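The figures here come from the full heavy-atom set of this structure, side chains too, leaving out hydrogens, waters and symmetry mates. All values derive from a computational prediction rather than experimental measurement. Ligands are counted one by one from 1 in listed order, and the atoms in each one are counted from 1 as well.
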Amino acid sequence: MKVTEAQLETWGERVGADIVTPVFFALSGDLGAGKSVLARAIARGAGVSAAMPSPTFNLVFHYDGRDGTKVIHMDLYRIERPEDVWALGWSELGEDREIVLVEWPERAGALLPPDRWDIRLDYESAGLRTVTATQVGTVPPLPELSA
Ligand SMILES: Nc1ncnc2c1ncn2[C@@H]1O[C@H](COP(=O)(O)OP(=O)(O)OP(=O)(O)O)[C@@H](O)[C@H]1O
Ligand SMILES: [Mg+2]
């Protein structure tokens with residue numbers, strides 16, 4: 001489905017508000033595709049009010065949402081090999097009320113969890129992206145994306 005930035009943000013906020021936790025989102029797409037835009041919208045929907053910087057030097061950030069929800073935002077662009085995720089707290093992910101948002105998930109290779117939503121963003125034109133959500137393993141349902 002093709003969406004504007006506003007539509008992607010509206011959907012992301014609903015995802016953050018409605019999703020059953022724990023849940024893992026692998027957010028893929030090229031540089032500037034909108035992974036961080038979507039990650040921030042999901043976090044806002046989950047009740048995170050803090051500003052969310054891009055995880056560049058610090059590759060992982062933890063946020064508190066509403067009602068005990070935890071949001072973990074990671075960017076794996078700069079890791080050199082999949083095993084580098086262990087140093088980022090990878091083995092503790094997926095606890096009770098967590099929403100895990102991972103940009104550049106392909107860097108984790110076979111260490112990605114078997115149960116996850118793969119959300120792919122593809123550049124269409126200046127303000128439009130195509131969003132493709134693929135269920136991998138057992139995952140909670142996503143709110144419908146409507147343009
Ligand atoms: N439909 C759209 N959806 C998302 N972002 C859009 C859309 N149209 C334009 N944009 C713009 O595209 C950019 C997306 O940037 P963003 O930081 O989210 O990319 P990213 O995928 O996280 O890149 P990186 O790999 O560098 O982390 C923003 O500047 C945003 O304003
Ligand atoms: Mg980003």
Would you compute the distance between atom CG of L76 and atom CG of L112 and round it to the nearest 0.5 angstrom? 8.0 Å
Holding to ring-ring contact (aromatic ring centres under 6.0 Å, His included), I want the full list of residues that pass it with Y77, two or more places apart in sequence or in another chain. W104
Can you measure from CG (L128) to OH (Y123) and round to the nearest 0.5 angstrom? 9.0 Å
Can you find a protein heavy atom under 4.0 Å from atom 29 (O) of ligand 1? no
Only one of V48, L101, T69 passes side chain to side chain contact (heavy atoms under 4.5 Å, CB included) with Y63, and that residue is V48
Heavy atom under 4.0 Å from ligand 1: found in A126's side chain, backbone, both, or neither? backbone
Would you kindly say whether S36 and E103 are connected by a side-chain donor-acceptor distance under 3.5 Å? yes
Atom 3 (N) of ligand 1: of K2, R40, R129, the nearest heavy atom sits on R129
State if A39 counts as touching ligand 1 under the rule of any non-hydrogen atom under 4.0 Å. no
Has the side chain of W117 got a donor or acceptor atom that lies under 3.5 Å from a matching backbone atom of P140? yes
With heavy atoms only and a cut-off of under 4.0 Å, state how L27 meets ligand 1: side chain, backbone, both or neither. neither
Any N or O of A33 closer than 3.5 Å to N or O of ligand 1: yes
Heavy-atom proximity to atom 18 (O) of ligand 1, best of V131, T4, V37: V37
Hey, mind stepping through L142 and V15 against side-chain contact (heavy atoms from CB on, under 4.5 Å) and telling me if it holds? CA-CA 6 Å; L142 276 185; V15 170; 3.9 Å; yes
Is it true that a side-chain atom of K35 and a backbone atom of I119 form a donor plus acceptor pair closer than 3.5 Å? no
Does W104 reach ligand 1, in the sense of a heavy atom lying below 4.0 Å from it? yes
So that I can tick it off, tell me whether K70 and E98 are bridged by a salt bridge, with the cut-off set at under 4.0 angstrom between side-chain N and carboxylate O. no
Any Lys/Arg nitrogen of R120 or D118 sitting under 4.0 Å from an Asp/Glu carboxylate oxygen of the other? no
the protein heavy atom lying closest to atom 31 (O) of ligand 1 turns out to be E5 OE1, 2.7 Å
Any nitrogen or oxygen of S36 lying under 3.5 Å from a nitrogen or oxygen in ligand 1? Just yes or no. yes
Does ligand 1 have an atom under 4.0 Å from some heavy atom of D30? yes
Numbered atoms of ligand 1 (with element) below 4.0 Å of V3, judged on heavy atoms: 1 (N)
Do L8 and V131 touch side chain to side chain, with heavy atoms closer than 4.5 Å? yes
Please work out whether any backbone atom (N, CA, C, O) or any side-chain heavy atom from C-beta onward of E103 is under 4.0 Å from ligand 1, and answer side chain, backbone, both or neither. side chain
Where is the nearest protein heavy atom to atom 14 (C) of ligand 1: which residue, which atom, and how far? G32 O, 3.3 Å
Do you reckon V85 sits in the same ILVMFWY cluster as M74, going by side-chain contacts under 4.5 Å, direct or chained? yes
Please write down residue, atom name and distance for the protein heavy atom closest to atom 26 (O) of ligand 1. L31 CD2, 3.4 Å
Closest protein heavy atom to atom 21 (O) of ligand 1, given as residue, atom name and distance to 0.1 Å: K35 NZ, 2.7 Å
Using distance alone, determine whether G127 and ligand 1 share an N or O pair under 3.5 Å. yes
ang(OE1 E103, the Mg ion (ligand 2), OG S36) rounded to 10° is 90°
Any heavy atom of G29 closer to ligand 1 than 4.0 angstrom? no
Numbered atoms of ligand 1 (with element) below 4.0 Å of L8, judged on heavy atoms: 3 (N), 4 (C)
